Amino acid sequence: MVSDLKQQVLIQRASSTGEMKRVLNSFHGTNIGFVPTMGYLHEGHMSLVEESLRTCDHTVVSIFVNPIQFGPNEDLDVYPYDLEGDIEKLESAGVDLLFQPHREIIYPEGFKTYVQVDEITDHLCGKSRPGLFKGVATVVLKLFNIVRPQHVFFGEKDWQQLAVIETLVRDLNLDIFVHRVPLVREPDGLAMSSRNRNLTSKERQKALSLSRSLEDAKEKISQGTTAASQLKQSIKDRITAESGMQIDYISICDPISLQEIEEVKGRTLIALAVKIGSSRLIDNCIVED
Ligand code: AMP
(Lines give C-alpha, C1' and ligand atoms only; values in the text may rest on other atoms or scores of the structure.)
Protein backbone atom coordinates (compact mmCIF):
# COMPACT_ATOMS: atom_id res chain seq x y z
CA MET A 1 0.00 0.00 0.00
CA VAL A 2 2.82 2.34 0.96
CA SER A 3 4.67 1.64 -2.28
CA ASP A 4 1.44 2.18 -4.31
CA LEU A 5 1.10 5.60 -2.74
CA LYS A 6 4.77 6.31 -3.41
CA GLN A 7 4.35 5.56 -7.11
CA GLN A 8 1.81 8.35 -7.49
CA VAL A 9 4.29 10.95 -6.26
CA LEU A 10 6.32 12.62 -9.01
CA ILE A 11 10.06 12.39 -8.63
CA GLN A 12 11.71 15.61 -7.50
CA ARG A 13 14.58 16.84 -9.64
CA ALA A 14 17.57 18.98 -8.80
CA SER A 15 20.49 20.12 -10.91
CA SER A 16 22.31 22.44 -8.50
CA THR A 17 23.68 21.96 -5.00
CA GLY A 18 21.26 24.64 -3.72
CA GLU A 19 18.23 22.75 -5.08
CA MET A 20 19.64 19.55 -3.59
CA LYS A 21 19.95 21.19 -0.16
CA ARG A 22 16.36 22.39 -0.25
CA VAL A 23 14.93 18.95 -1.09
CA LEU A 24 17.32 17.10 1.23
CA ASN A 25 16.28 19.37 4.11
CA SER A 26 12.78 17.95 3.75
CA PHE A 27 14.28 14.43 4.20
CA HIS A 28 15.99 15.47 7.45
CA GLY A 29 16.06 12.79 10.12
CA THR A 30 15.36 9.94 7.70
CA ASN A 31 17.63 7.30 6.19
CA ILE A 32 18.84 8.36 2.75
CA GLY A 33 19.92 5.78 0.19
CA PHE A 34 21.96 6.92 -2.80
CA VAL A 35 22.56 5.30 -6.20
CA PRO A 36 25.08 7.12 -8.41
CA THR A 37 24.77 6.34 -12.15
CA MET A 38 25.76 7.63 -15.56
CA GLY A 39 22.21 7.15 -16.86
CA TYR A 40 20.72 5.14 -19.74
CA LEU A 41 19.23 3.02 -17.00
CA HIS A 42 18.60 -0.71 -17.30
CA GLU A 43 17.56 -3.50 -14.95
CA GLY A 44 21.06 -3.65 -13.47
CA HIS A 45 20.76 -0.06 -12.28
CA MET A 46 17.18 -0.65 -11.17
CA SER A 47 18.24 -3.55 -8.95
CA LEU A 48 20.41 -1.06 -7.02
CA VAL A 49 17.47 1.35 -6.86
CA GLU A 50 15.14 -1.39 -5.61
CA GLU A 51 17.64 -2.38 -2.93
CA SER A 52 17.78 1.24 -1.77
CA LEU A 53 13.98 1.58 -1.80
CA ARG A 54 13.79 -1.57 0.34
CA THR A 55 16.45 -0.41 2.79
CA CYS A 56 15.97 3.35 3.13
CA ASP A 57 13.26 5.94 3.80
CA HIS A 58 14.30 8.08 0.83
CA THR A 59 16.15 7.14 -2.34
CA VAL A 60 18.26 9.59 -4.32
CA VAL A 61 19.63 8.69 -7.77
CA SER A 62 22.19 10.76 -9.66
CA ILE A 63 22.74 10.79 -13.39
CA PHE A 64 26.06 12.30 -14.29
CA VAL A 65 28.41 11.24 -17.07
CA ASN A 66 31.66 12.10 -15.34
CA PRO A 67 34.04 13.56 -17.94
CA ILE A 68 37.19 13.19 -15.82
CA GLN A 69 36.97 9.41 -15.67
CA PHE A 70 37.13 9.08 -19.46
CA GLY A 71 40.48 9.01 -21.28
CA PRO A 72 41.07 11.10 -24.43
CA ASN A 73 40.15 8.29 -26.86
CA GLU A 74 37.30 6.81 -24.87
CA ASP A 75 33.54 6.93 -25.44
CA LEU A 76 32.52 10.07 -23.51
CA ASP A 77 31.01 11.68 -26.61
CA VAL A 78 28.96 8.63 -27.60
CA TYR A 79 27.89 7.57 -24.12
CA PRO A 80 24.18 6.68 -24.49
CA TYR A 81 21.62 9.11 -23.11
CA ASP A 82 17.86 8.88 -22.57
CA LEU A 83 16.84 11.24 -19.81
CA GLU A 84 13.10 10.94 -20.44
CA GLY A 85 13.21 7.14 -20.33
CA ASP A 86 15.35 7.25 -17.19
CA ILE A 87 12.96 9.62 -15.41
CA GLU A 88 10.03 7.39 -16.30
CA LYS A 89 11.79 4.33 -14.83
CA LEU A 90 12.83 6.14 -11.66
CA GLU A 91 9.40 7.67 -11.19
CA SER A 92 7.53 4.41 -11.55
CA ALA A 93 9.97 2.71 -9.18
CA GLY A 94 9.17 5.37 -6.56
CA VAL A 95 12.52 7.18 -6.36
CA ASP A 96 12.27 10.41 -4.37
CA LEU A 97 14.94 12.62 -5.89
CA LEU A 98 16.98 12.73 -9.09
CA PHE A 99 20.20 14.74 -9.05
CA GLN A 100 21.23 15.58 -12.54
CA PRO A 101 23.95 18.22 -12.34
CA HIS A 102 25.55 20.08 -15.22
CA ARG A 103 29.28 19.60 -15.62
CA GLU A 104 30.01 23.11 -14.37
CA ILE A 105 28.23 22.34 -11.10
CA ILE A 106 30.53 19.40 -10.40
CA TYR A 107 33.68 20.88 -11.96
CA PRO A 108 33.46 24.66 -11.76
CA GLU A 109 36.32 26.71 -13.16
CA GLY A 110 39.39 26.42 -10.97
CA PHE A 111 38.59 22.89 -9.77
CA LYS A 112 41.85 21.42 -8.44
CA THR A 113 41.18 18.66 -5.90
CA TYR A 114 41.27 14.95 -6.74
CA VAL A 115 41.02 11.71 -4.75
CA GLN A 116 43.52 8.94 -5.41
CA VAL A 117 43.06 5.40 -4.07
CA ASP A 118 46.36 3.47 -4.31
CA GLU A 119 47.27 -0.16 -5.06
CA ILE A 120 43.90 -1.72 -5.89
CA THR A 121 43.73 0.74 -8.78
CA ASP A 122 46.98 -0.69 -10.23
CA HIS A 123 45.16 -3.76 -11.58
CA LEU A 124 42.37 -4.62 -14.06
CA CYS A 125 40.64 -1.53 -15.50
CA GLY A 126 42.84 0.82 -13.46
CA LYS A 127 45.88 -0.50 -15.30
CA SER A 128 44.47 -0.10 -18.79
CA ARG A 129 42.50 3.11 -18.15
CA PRO A 130 44.83 5.41 -16.21
CA GLY A 131 42.90 8.17 -14.50
CA LEU A 132 39.65 6.17 -14.44
CA PHE A 133 39.52 5.58 -10.70
CA LYS A 134 40.93 8.99 -9.79
CA GLY A 135 37.93 10.35 -11.70
CA VAL A 136 35.52 7.88 -10.12
CA ALA A 137 36.75 8.39 -6.53
CA THR A 138 36.69 12.17 -6.94
CA VAL A 139 33.17 12.37 -8.34
CA VAL A 140 31.80 9.81 -5.91
CA LEU A 141 33.18 11.66 -2.89
CA LYS A 142 31.74 14.93 -4.24
CA LEU A 143 28.34 13.28 -4.79
CA PHE A 144 28.44 11.76 -1.29
CA ASN A 145 29.15 15.23 0.13
CA ILE A 146 26.23 16.74 -1.78
CA VAL A 147 23.70 13.97 -1.08
CA ARG A 148 24.92 13.05 2.45
CA PRO A 149 23.53 9.49 2.30
CA GLN A 150 23.73 6.91 5.07
CA HIS A 151 23.56 4.05 2.53
CA VAL A 152 25.03 3.82 -0.97
CA PHE A 153 24.48 1.11 -3.56
CA PHE A 154 27.02 -0.12 -6.12
CA GLY A 155 26.94 -3.07 -8.54
CA GLU A 156 29.33 -6.00 -8.60
CA LYS A 157 29.33 -5.62 -12.39
CA ASP A 158 32.05 -3.02 -11.70
CA TRP A 159 33.90 -5.14 -9.15
CA GLN A 160 37.03 -2.99 -9.00
CA GLN A 161 34.97 0.19 -8.69
CA LEU A 162 33.24 -1.31 -5.65
CA ALA A 163 36.62 -2.15 -4.11
CA VAL A 164 37.75 1.44 -4.72
CA ILE A 165 34.59 2.89 -3.10
CA GLU A 166 34.85 0.57 -0.09
CA THR A 167 38.48 1.61 0.38
CA LEU A 168 37.63 5.30 0.01
CA VAL A 169 34.81 5.05 2.57
CA ARG A 170 37.06 3.19 5.03
CA ASP A 171 40.19 5.30 4.58
CA LEU A 172 38.45 8.68 4.74
CA ASN A 173 36.18 7.67 7.68
CA LEU A 174 32.98 8.32 5.77
CA ASP A 175 29.97 7.35 7.86
CA ILE A 176 28.34 5.49 5.00
CA PHE A 177 27.30 1.87 4.52
CA VAL A 178 28.29 0.50 1.10
CA HIS A 179 25.86 -2.11 -0.25
CA ARG A 180 27.14 -4.58 -2.87
CA VAL A 181 24.49 -5.55 -5.42
CA PRO A 182 24.94 -8.68 -7.60
CA LEU A 183 25.58 -8.39 -11.34
CA VAL A 184 22.38 -8.51 -13.42
CA ARG A 185 22.51 -10.30 -16.80
CA GLU A 186 20.33 -10.42 -19.90
CA PRO A 187 18.46 -13.74 -20.27
CA ASP A 188 21.20 -14.99 -22.64
CA GLY A 189 23.95 -14.19 -20.12
CA LEU A 190 25.30 -10.87 -21.42
CA ALA A 191 26.11 -8.57 -18.49
CA MET A 192 23.71 -5.63 -18.64
CA SER A 193 25.48 -2.39 -19.49
CA SER A 194 24.50 0.98 -20.91
CA ARG A 195 27.31 0.44 -23.39
CA ASN A 196 25.51 -2.61 -24.90
CA ARG A 197 23.30 -0.05 -26.62
CA ASN A 198 26.23 0.87 -28.93
CA LEU A 199 26.75 -2.73 -30.13
CA THR A 200 25.61 -3.74 -33.62
CA SER A 201 23.53 -6.94 -33.66
CA LYS A 202 26.61 -8.89 -34.85
CA GLU A 203 28.72 -7.44 -32.05
CA ARG A 204 25.93 -8.19 -29.56
CA GLN A 205 26.10 -11.85 -30.64
CA LYS A 206 29.90 -11.93 -30.33
CA ALA A 207 29.69 -10.29 -26.91
CA LEU A 208 28.04 -13.44 -25.56
CA SER A 209 31.47 -15.09 -25.67
CA LEU A 210 32.44 -13.04 -22.60
CA SER A 211 29.90 -14.56 -20.20
CA ARG A 212 30.21 -17.96 -21.89
CA SER A 213 33.98 -17.99 -21.44
CA LEU A 214 33.45 -17.28 -17.73
CA GLU A 215 30.92 -20.11 -17.52
CA ASP A 216 33.43 -22.43 -19.23
CA ALA A 217 36.12 -21.41 -16.75
CA LYS A 218 33.78 -22.12 -13.82
CA GLU A 219 33.05 -25.54 -15.29
CA LYS A 220 36.78 -26.28 -15.74
CA ILE A 221 37.45 -25.28 -12.13
CA SER A 222 34.66 -27.55 -10.92
CA GLN A 223 36.34 -30.37 -12.88
CA GLY A 224 39.66 -29.73 -11.14
CA THR A 225 41.61 -27.23 -13.28
CA THR A 226 43.25 -24.72 -10.96
CA ALA A 227 46.16 -23.28 -12.98
CA ALA A 228 45.33 -19.66 -13.77
CA SER A 229 47.45 -19.74 -16.96
CA GLN A 230 45.44 -22.67 -18.32
CA LEU A 231 42.14 -21.05 -17.41
CA LYS A 232 43.16 -17.72 -18.95
CA GLN A 233 44.21 -19.45 -22.16
CA SER A 234 40.85 -21.20 -22.48
CA ILE A 235 38.97 -17.93 -21.85
CA LYS A 236 41.15 -16.22 -24.44
CA ASP A 237 40.57 -19.03 -26.98
CA ARG A 238 36.82 -18.89 -26.48
CA ILE A 239 36.66 -15.11 -26.95
CA THR A 240 39.07 -14.85 -29.88
CA ALA A 241 37.22 -17.64 -31.69
CA GLU A 242 35.00 -14.70 -32.68
CA SER A 243 36.56 -12.26 -35.13
CA GLY A 244 37.38 -8.67 -34.18
CA MET A 245 37.67 -9.25 -30.43
CA GLN A 246 40.44 -7.27 -28.75
CA ILE A 247 41.18 -8.56 -25.30
CA ASP A 248 42.25 -5.81 -22.92
CA TYR A 249 42.81 -8.10 -19.93
CA ILE A 250 41.81 -11.43 -18.45
CA SER A 251 42.57 -11.49 -14.75
CA ILE A 252 42.35 -14.29 -12.22
CA CYS A 253 42.90 -12.67 -8.88
CA ASP A 254 42.14 -12.27 -5.22
CA PRO A 255 38.68 -10.64 -4.98
CA ILE A 256 39.81 -8.21 -2.27
CA SER A 257 43.39 -7.18 -3.13
CA LEU A 258 42.86 -7.81 -6.87
CA GLN A 259 46.41 -9.25 -6.99
CA GLU A 260 46.89 -11.86 -9.71
CA ILE A 261 47.09 -15.45 -8.48
CA GLU A 262 48.61 -18.53 -10.12
CA GLU A 263 46.40 -21.23 -8.65
CA VAL A 264 42.68 -21.00 -7.92
CA LYS A 265 42.41 -21.66 -4.20
CA GLY A 266 39.31 -20.57 -2.30
CA ARG A 267 37.32 -17.54 -3.39
CA THR A 268 38.67 -16.13 -6.65
CA LEU A 269 37.64 -13.35 -9.02
CA ILE A 270 37.81 -13.86 -12.76
CA ALA A 271 37.46 -10.51 -14.50
CA LEU A 272 37.88 -9.47 -18.10
CA ALA A 273 37.62 -6.52 -20.42
CA VAL A 274 37.25 -6.87 -24.18
CA LYS A 275 36.90 -4.36 -26.96
CA ILE A 276 34.33 -5.27 -29.60
CA GLY A 277 34.26 -2.72 -32.40
CA SER A 278 34.27 0.61 -30.62
CA SER A 279 32.72 -0.70 -27.38
CA ARG A 280 34.72 -1.88 -24.41
CA LEU A 281 32.81 -4.37 -22.28
CA ILE A 282 33.65 -5.85 -18.89
CA ASP A 283 32.40 -8.94 -17.10
CA ASN A 284 33.37 -10.95 -14.05
CA CYS A 285 32.43 -13.86 -11.84
CA ILE A 286 33.41 -15.27 -8.49
CA VAL A 287 34.50 -18.89 -8.27
CA GLU A 288 35.37 -21.19 -5.40
CA ASP A 289 37.77 -24.08 -6.01
P1 AMP B 1 26.98 3.17 -14.52
O2 AMP B 1 25.77 3.95 -14.90
O3 AMP B 1 27.43 2.20 -15.56
O4 AMP B 1 28.09 4.05 -13.98
O5 AMP B 1 26.55 2.23 -13.30
C6 AMP B 1 25.97 2.77 -12.14
C7 AMP B 1 25.90 1.69 -11.10
O8 AMP B 1 25.10 0.61 -11.61
C9 AMP B 1 27.25 1.11 -10.73
O10 AMP B 1 27.29 0.85 -9.33
C11 AMP B 1 27.29 -0.18 -11.52
O12 AMP B 1 28.12 -1.17 -10.96
C13 AMP B 1 25.83 -0.60 -11.47
N14 AMP B 1 25.53 -1.52 -12.58
C15 AMP B 1 25.68 -1.28 -13.91
N16 AMP B 1 25.36 -2.39 -14.61
C17 AMP B 1 25.00 -3.33 -13.73
C18 AMP B 1 24.58 -4.69 -13.82
N19 AMP B 1 24.46 -5.30 -14.99
N20 AMP B 1 24.30 -5.36 -12.70
C21 AMP B 1 24.43 -4.76 -11.47
N22 AMP B 1 24.83 -3.48 -11.31
C23 AMP B 1 25.11 -2.77 -12.42
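Quick caveat: nothing in here was measured; it's all calculated off a predicted structure. Numbering of ligands and ligand atoms starts at 1, following listing order.
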Worksheet item: Out of Arg204, Arg212, Gln205, which one pairs with Asp188 under the side chain to side chain donor-acceptor pair (under 3.5 Å) rule?
Response: Arg204
Worksheet entry | For Leu183, atoms of ligand 1 separated by under 4.0 Å from a heavy atom | 20 (N), 21 (C)
Worksheet item: Of the choices His45, Met46, Glu43, Lys157, which has the non-hydrogen atom that lies closest to atom 2 (O) of ligand 1?
Response: His45
Discussion item. Tell me whether Glu166 is salt-bridged to Arg180, with the criterion being a basic N under 4.0 Å from an acidic carboxylate O.
Written reply: yes
Worksheet item: Is there a donor-acceptor contact under 3.5 Å linking the side chains of Tyr107 and Asn66?
Response: yes
Discussion item. Counting only heavy atoms, tell me which of Gly155, Ser62, Ala191, Ser193 gets closest to atom 10 (O) of ligand 1.
Written reply: Gly155
Worksheet entry | Verdict with supporting geometry, Val164 and Ile120, side-chain contact (heavy atoms from CB on, under 4.5 Å) | CA-CA 7 Å; Val164 168; Ile120 49 167; 4.0 Å; yes
Less than 3.5 Å apart, which donor and acceptor atoms pair up between the side chains of residues 140-154 and the rest of the protein, not counting sequence neighbours?
unit_1	atom_1	unit_2	atom_2	d
Lys142	NZ	Ile106	O	2.9
Asn145	ND2	Leu141	O	3.4
Arg148	NE	Asn145	O	3.2
Gln150	OE1	Ile32	N	2.6
His151	ND1	His179	NE2	2.8

Practice prompt. Pull out every atom of ligand 1 sitting under 4.0 Å from any heavy atom of His42, numbered as shown with elements.
Written response: 15 (C), 16 (N), 17 (C)
Worksheet item: Do Thr30 and His58 get their side chains close enough for a donor-acceptor pair, meaning under 3.5 Å?
Response: yes
Item to complete: Go through ligand 1 atom by atom and flag the ones less than 4.0 Å from a non-hydrogen atom of Asp158.
Response: 11 (C), 12 (O)
Item to complete: Show your working on salt bridge (Lys or Arg N to Asp or Glu O under 4.0 Å) between Arg185 and Asp283 and close with a plain yes or no.
Response: CA-CA 10 Å; Arg185 297 181 180 280; Asp283 201 344; 2.9 Å; yes
Worksheet item: Going by the order shown, which atoms of ligand 1 are within less than 4.0 Å of some heavy atom of Met192?
Response: 16 (N), 17 (C), 18 (C), 19 (N)
Worksheet item: Tell me, which protein residue and heavy-atom name are nearest atom 20 (N) of ligand 1, and how many Å apart are they?
Response: Val184 N, 2.8 Å
Practice prompt. Within a distance under 4.0 Å of any heavy atom of Leu48, pick out the atoms of ligand 1 and give their elements.
Written response: 7 (C), 8 (O), 10 (O), 13 (C), 22 (N)
Response to the item:
A student checking ligand 1 against Phe154 at a 4.0 Å heavy-atom cut-off should list atoms 10 (O)
Discussion item. Starting from atom 4 (O) of ligand 1, what is the nearest protein heavy atom, named by residue and atom, and what distance separates them?
Written reply: Met38 CG, 3.5 Å
Worksheet entry | Heavy-atom neighbours of Asp175 CG exceed 12 at 6.0 Å | no
Item to complete: Check each atom of ligand 1 against the heavy atoms of Pro36 and keep those under 4.0 Å away; list them by number with element.
Response: 6 (C), 7 (C)
Worksheet item: Can a donor-acceptor pair be found between the side chains of Ser229 and Glu262 at a distance below 3.5 Å?
Response: no
Practice prompt. Give the numbers and elements of all ligand 1 atoms closer than 4.0 Å to a heavy atom of Gln161.
Written response: 9 (C), 10 (O)
Worksheet item: So which protein heavy atom does atom 21 (C) of ligand 1 come closest to, and at what separation?
Response: Pro182 O, 3.5 Å
